[in-house]
Amino acid sequence: MTNSIYGTENIGKRTEEYNVVTSDIVRNVDVCVIGSGAAGAVLAAKLAKAGKSVVMLERGGYYDGESMNQREADMIPLLWKNAGANFTSNLRIAIAQGSCLGGSTVINDAVCFRIPELVVKQWQDLGVSIAKDEWEKANDEVSKVIHVTEVTEDELNQNARKLMHACEEFKLEGKPILHYKNHRNCGQSFTDSSLSSCVKCGFCHLGCHYDTKQSMLVTYIHDALSDPSLDYSAYCNCRADRITYENNKASGVDGTFVDAAGNEKFRIRVNAKVVIVSAGAIASSNLLQKSRIGGKNVGKGLALHPAPFVMGVFDELIHGNRGIPMSYTCHEFGVTNGIEKGGFLIESIFLPVFQMALAIPSMGIDHRKMMENYAYSTMAGIMTRDEPTGTVLMSYSGNPKVVYNLSPQTIDDMARGIGILARMWFSVGATSLISPHRDMPEVRSKADIPALKDAVRDNPDGLMLGSAHPQGGNRMGNDSKSCVVNSDCKVYGFDNLYVCDASVFPTALGVNPQLTIMALATITADKIAKNWNFSPAVNSVGSTCDISQPRFCGAERIGEMFAITDHRKDLFPKLANSTEEKLVVGLNWKFDPKTLRIYNNLFWKGFYGRDNDLMTMGLRYFGGFYKRFQVSGDSGSMDGITHPFEPQLVDARSIAKEKELPGYGTVIHLEYRDPPYSTAYDLLKMVDENTIIGKAFLGSFGMGRELFNFSMSRVYDVDFMTEQDLLALFNSKELSHVPTERELTGVWEGMLVSDSAVSPRSQLFYFNYEDGEIDMRYSFANMLHGRSDVAVTNTLFRLDDPTPFHDELRMVTPDVAIGRWVTNWSSEDALEPIIQDFKHYLPIPASSGTDSLLDMLSLRNIRGIRLPREFGVSFLGVEEDERLGTRVGLSYLIKRIG
Amino acid sequence: MGEFTVRGIVTDAAGKPVDNVKVFALDSDQGLFEDHNDDLLGSGWTGPDGTFEISFSSAEFGEGLLEGDVDLYFVVRNSKGEAIARFEPEKDFKPGKKSGLIEIEIGSFEKDSGPPDDPYLRNMDRTLAAFASIGDVAAVSNNDFARVFALLNRSLNAWVVYTRENSWNEIRYDGPQVPARPKEIMHNHELAWEARKK
């Protein structure tokens with residue numbers, strides 16, 4: 001394994017070694033780092049240098065400097081999270097974060113501030129046991145690696161000089177104010193030796209084409225990749241889906257490689273001794289929530305540094321876009337000047353044209369007129385140190401949802417900051433201002449400034465706000481009841497799981513945070529390396545494609561495995577299924593609540609590829625099948641039968657015999673005996689006692705044309721359960737029980753049980769138990785929402801909704817339950833109207849009173865009503881009971897997610 | 001042993017023998033009057049020295065009325081089953097009959113990932129996926145129509161007007177300083193306004 005970057009995009013030669021991912025991946029490593037930004041890149045590189053094997057997972061793609069073409073239309077979708085469309089849930093604040101290898105450090109303005117002493121003290125008072133000298137040492141180390149230097153006088157562009165002059169002019173009660181040049185991380189380009197420092201192009205937000213901005217990509221990541229002695233890999237286009245763990249030990253990460261639209265391409269399973277979450281504020285909280293780690297504290301205490309701006313319009317050309325965008329700051333009103341609560345920095349910044357057009361709060365002709373002043377304008381932002389009042393929740397689809405409202409303190413700070421900056425621009429010759437408030441987008445004189453401040457205070461919703469520094473959500477501190485991680489960034493309740501990024505900040509930092517994040521990562525990495533005492537991870541293949549679990553493989557992969565796998569001749573006798581045709585728990589059917597796997601020897605359950613093309617999906621939902629084998633009189637062969645799960649129209653008898661076939665070796669030839677099936681045949685290979693891979697052919701044996709690949713198994717996860725499996729669990733007193741209200745309290749996600757396929761998530765159940773009463777809300781397909789009445793008896797946990805159907809639930813494990821949404825047991829009269837309703841909606845009609853052969857094959861005469869055994873789409877079913885009658889409905893599986 | 005035997009060696013791009021890959025011999029039936037269903041003739045694993053041997057009989061390829069001699073090609077698969085190389089021998093190659101043994105060298109081990117994609121090509125997919133996720137997380141009931149409309153209007157206007165180079169001159173925006181396809185077009189790293197100063 002060479003040090004390399006891996007990803008799903010094939011975009012030609014890049015600066016670093018890059019390989020295209022072409023199949024599922026399983027890695028066993030010491031450390032798995034999720035995220036490659038200011039924290040993740042530092043942690044991964046330092047731990048690799050400490051001799052650990054490291055895998056770094058990154059949601060975004062890898063783009064080298066030469067790919068960065070300085071065009072917003074091209075680069076924002078490539079480098080920015082959510083293609084730049086990243087908002088709070090009320091759409092009031094646009095949040096800029098990077099989503100690419102190197103994270104936000106690739107798209108930031110390279111501003112470096114050390115953590116203010118005041119903040120170190122405040123955090124210590126909040127339970128963060130990191131000493132001032134620890135921060136200093138870490139800052140020194142990082143500053144050396146990423147080449148932090150002060151901006152020089154001649155590097156200030158016109159925009160920054162205007163702010164500098166404005167600060168020099170401004171007096172507060174007669175006294176000068178605090179302001180100075182920024183420090184930045186820019187230095188020698190490693191791809192163009194003629195460039196020893198910032199080129200000053202002004203396109204920091206779109207990635208540095210010249211590799212002079214010392215982002216994680218060109219420092220920590222590049223350094224690690226360049227050292228062949230390290231065991232270090234970065235997997236891009238890789239979404240971390242969940243952290244797996246048992247008791248208090250994390251075992252690894254399941255992830256998915258995605259394409260540009262977010263569709264699954266491949267999967268990855270990383271087994272790791274240590275897992276570190278560094279996905280950034282918001283995403284880190286979201287991952288912990290999806291993994292059910294950290295409890296109610298996760299997502300709380302989010303801060304954003306929300307920032308309005310003010311532009312000054314001048315008679316002279318400014319060309320603010322030329323040069324370093326952020327090089328000068330007024331510190332007078334901020335934490336760097338000892339302001340303990342709230343406060344703000346005024347920072348020079350200038351946006352490229354598309355972002356500027358978004359920021360100006362007007363429309364139509366007014367907007368156009370303001371944009372015509374682009375080259376004559378200055379711009380600065382008021383970066384407020386807000387209170388951590390925001391929350392990260394999880395949406396129906398599992399996306400992070402940021403709920404954030406401005407506090408009165410922050411609104412006041414914004415009003416003051418806008419007022420001060422407005423005065424500053426006028427003081428250095430601005431003829432008018434462009435404000436961030438939609439009620440007053442243009443300000444023509446100093447006399448209007450009070451009205452502008454009033455507008456901000458009276459209607460803060462009218463402000464255009466941006467945030468580039470989300471922080472908090474996984475608070476660090478020494479109180480395990482209110483915090484998510486301790487001062488070592490270790491997650492409470494875990495031995496080997498860490499969160500290390502801006503999400504652990506207990507308060508807003510008050511200054512641009514990248515240096516502090518890198519410093520924290522440095523401190524944490526050193527601690528982890530020094531105290532290394534982690535036991536090996538259990539090797540698991542997760543849900544990746546593997547010969548032991550071909551149900552997780554794509555069709556093509558099954559074919560590839562078939563080509564090179566040898567059939568286990570010794571296992572042929574075990575092809576036979578149970579002679580008992582009825583499901584008998586403990587005999588031919590078992591369930592393991594620990595692994596959530598079903599052993600079913602009634603038949604071999606068939607699986608198609610996991611591909612998401614229309615044909616394979618159609619096969620999965622409507623073409624599900626099973627095969628059953630019995631020893632025949634003729635030793636050396638077996639009688640088989642193939643059935644689909646959906647309409648029982650196919651009953652294909654077969655004979656299974658081992659044969660030699662050139663190119664394939666020994667295979668089981670499944671010869672279909674009766675027309676029309678006799679024009680086809682299958683070749684099977686037994687992989688192990690419970691796993692078969694196969695190919696279906698059309699034509700004569702050995703010369704047929706391949707139709708599709710498939711697999712079969714007698715052991716499968718509960719997600720793949722059939723309705724029969726669910727009923728077995730449902731009706732077994734040993735394997736399931738009626739839950740109490742308390743047991744069900746929480747949030748559950750559900751999927752409909754289909755005999756053929758694993759269906760996607762279709763419902764959410766919310767159970768809230770309070771003061772002796774349970775309240776249940778549901779959301780079905782994110783379209784139907786409502787409440788159900790709950791009734792609990794010794795034998796039944798029942799939910800009644802406004803339809804003729806009701807739910808019956810039984811609990812299997814504390815985190816898994818099964819349910820049926822069914823009509824009441826009923827006679828034909830009561831069912832008839834419901835069946836009539838279904839006829840309107842279902843593609844396969846439920847018929848009555850017909851005598852066609854098709855009907856005779858597919859319908860069952862139940863109390864005078866001829867009903868198909870399965871009708872409609874593949875997860876509707878009919879249940880019958882001699883004593884109770886008939887009912888229709890669907891089955892589902894629910895899993896706790898919160 | 002069949003009537004025909006093919007022996008060969010699999011090497012990588014550096015000429016080093018490749019162990020533990022499986023070589024499949026196939027007969028191509030893609031000709032005009034053939035059944036377009038290639039015949040799998042046989043397969044064999046390479047050993048530590050990279051060599052393999054595959055035997056097959058004429059019955060494996062001569063089933064069609066119009067099929068004549070074998071039209072041989074090879075596919076090499078790694079231990080995961082992934083096809084990593086395909087080799088077609090010279091047009092005049094014929095496998096030996098009983099005593100005829102031919103050595104075949106299968107060349108490059110490099111898996112073909114296909115032609116490279118344009119990195120910017122799928123940005124519309126990214127943008128649409130992003131907007132879909134906004135729909136998932138936005139609290140629509142919390143938003144007033146005027147704000148949402150203004151945001152959409154401004155976004156659309158900014159995209160349509162200000163991402164186009166012809167609008168930049170009008171507002172005296174310098175624009176990008178490198179080509180749109182920097183990897184394809186030679187360029188220097190000098191800024192236009194710095195160059196003009198000189």
Side-chain angles (χ1 to χ4, degrees), chain A residues 9-12 20 22-23 63 66-67 69-74 77-78 82-83 85 87 89-91 192 194-195 199-201 203 209-210 259-262 317 319 321-322 353-354 357-358 363 367 371-372 374-375 395-397 399-401 438 461 557 560-561 563-564 662-664 703 705, chain B residues 22 24 37 39-43 56 60 63 77 79-83 111 113-114 116-117 119-120 122-123 125-131 133-134 136-139 142-143 147-148 150-151 153-155 157-159 161-163 168 171-174 176-183 189 191 193:
Chain A
E9 293 179 283
N10 177 23
I11 53 176
V20 179
T22 56
S23 61
Y63 306 101
E66 203 59 24
S67 304
N69 69 5
Q70 301 176 345
R71 284 151 177 81
E72 293 170 283
D74 290 335
L78 282 185
N82 255 18
F87 289 89
S89 64
N90 58 11
L91 300 180
D192 183 344
S194 68
L195 302 174
V199 174
K200 302 188 285 294
C201 66
F203 290 109
H209 175 82
Y210 312 99
D259 65 11
L317 280 169
H319 286 303
N321 61 289
R322 294 179 184 175
V353 65
F354 168 70
L358 283 176
M363 292 200 292
H367 186 275
M371 284 301 293
E372 282 169 1
Y374 182 82
S395 75
Y396 176 85
S397 305
N399 290 315
K401 182 170 170 171
R438 68 175 181 205
D461 281 351
R557 278 297 295 135
E560 289 171 345
M561 290 193 295
I564 51 106
Y664 294 104
M703 295 173 193
R705 185 180 294 279
Chain B
K22 199 168 186 184
F24 293 80
N37 185 29
D39 303 315
L40 180 56
L41 304 174
S43 59
F56 55 90
E60 309 307 332
E63 78 279 9
R77 293 184 182 274
S79 55
K80 285 201 261 181
E82 293 167 322
K111 181 159 178 165
S113 307
D117 298 325
Y120 320 107
R122 298 203 67 192
N123 276 341
D125 288 342
R126 293 184 178 91
T127 307
L128 288 173
F131 275 93
S133 75
I134 292 179
D136 179 43
V137 302
N142 273 1
N143 281 286
R147 155 178 285 277
V148 175
L151 186 62
N153 183 290
R154 208 165 33 247
S155 304
N157 179 62
W159 188 267
V161 177
Y162 295 105
T163 56
W168 297 342
I171 59 170
R172 305 188 76 153
Y173 172 59
D174 298 285
Q177 301 298 298
V178 297
R181 296 287 186 268
K183 290 193 177 185
H189 285 158
L191 302 173
W193 54 88

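Owing to the predicted nature of the structure, the values given are computational and were not obtained by experimental measurement. Lettering of chains follows the sequences in order, A, B, ..., and the numbering in each one begins at 1.
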Exercise. If you tally heavy-atom pairs under 4.5 Å against chain A, which of R181(B), K183(B), K22(B) wins?
Worked result: K183(B)
For this session: With a 4.5 angstrom heavy-atom cut-off, could you sort out which part of N157(B) is near chain A: side chain, backbone, both or neither?
Result: side chain
Exercise. Between the side chain of R172(B) and the main-chain N/O of E372(A), is any donor-acceptor distance below 3.5 Å?
Worked result: no
Exercise. Which answer fits D74(A), side chain, backbone, both or neither, if we ask what part of it has an atom under 4.5 Å from a heavy atom of chain B?
Worked result: both
Exercise. Just wondering, do H319(A) and W193(B) contact through their side chains at under 4.5 Å, heavy atoms?
Worked result: no
For this session: Give, as side chain, backbone, both or neither, the part of W168(B) having an atom under 4.5 angstrom from any heavy atom of chain A.
Result: side chain
Problem set entry | Between NZ on residue K80(B) and CD on residue E560(A), distance to nearest 0.5 Å | 9.5 Å
Exercise. Would Q70(A) and Q177(B) count as a side-chain contact (heavy atoms from CB on, under 4.5 Å) if you check the C-alpha gap in whole Å, the side-chain angles of each, and the deciding distance to 0.1 Å?
Worked result: CA-CA 7 Å; Q70(A) 301 176 345; Q177(B) 301 298 298; 3.5 Å; yes
For this session: Decide if the gap between the ring center of Y374(A) and the ring center of Y173(B) is smaller than 6.0 angstrom.
Result: yes
Problem set entry | Nearest-0.5 Å distance, CZ of residue F24(B) to OH of residue Y664(A) | 9.0 Å
For this session: Using a 4.5 Å cut-off on heavy atoms from C-beta on, say whether the side chain of D259(A) contacts that of D125(B).
Result: no
For this session: Could you tell me how the ring of Y210(A) sits relative to the ring of H189(B): parallel (under 30°), tilted (30 to 60°) or perpendicular (over 60°)?
Result: perpendicular
For this session: Measure distances from E9(A) to the heavy atoms of chain B and classify the residue's part below 4.5 Å as side chain, backbone, both or neither.
Result: side chain
Problem set entry | Which portion of L128(B) sits near chain A, non-hydrogen atoms under 4.5 angstrom | neither
For this session: Drop me the distance from Y162(B)'s OH to L358(A)'s CG, to the nearest 0.5 angstrom.
Result: 11.0 Å
Seminar exercise, completed: Closest non-hydrogen atoms of A129(B) and A261(A), given as atom of the first, atom of the second and distance, are CB-O, 3.6 Å
For this session: Locate the shortest heavy-atom distance separating I171(B) from M371(A); write the atom from each residue and the value.
Result: CG2-O, 3.4 Å
Exercise. Looking at P77(A) and R126(B), what are the two nearest heavy atoms and their distance?
Worked result: O-CD, 3.2 Å
Exercise. Checking heavy atoms, do the side chain of Y63(A), its backbone, both or neither come under 4.5 Å from chain B?
Worked result: side chain
For this session: Quick one: closest heavy-atom pair of A260(A) and R122(B), and the distance?
Result: CB-CB, 3.5 Å
Exercise. Non-hydrogen atoms of chain B under 4.5 Å away: do they reach the side chain of F203(A), the backbone, both or neither?
Worked result: side chain
Problem set entry | Note, P662(A) side chain near L40(B) side chain (heavy atom, < 4.5 Å) | no
Exercise. Quick one: CG on L151(B) to CZ on R438(A), what's the gap to the nearest 0.5 Å?
Worked result: 10.5 Å
Seminar exercise, completed: Bottom line for T163(B): the part with an atom under 4.5 Å from chain A's heavy atoms is side chain
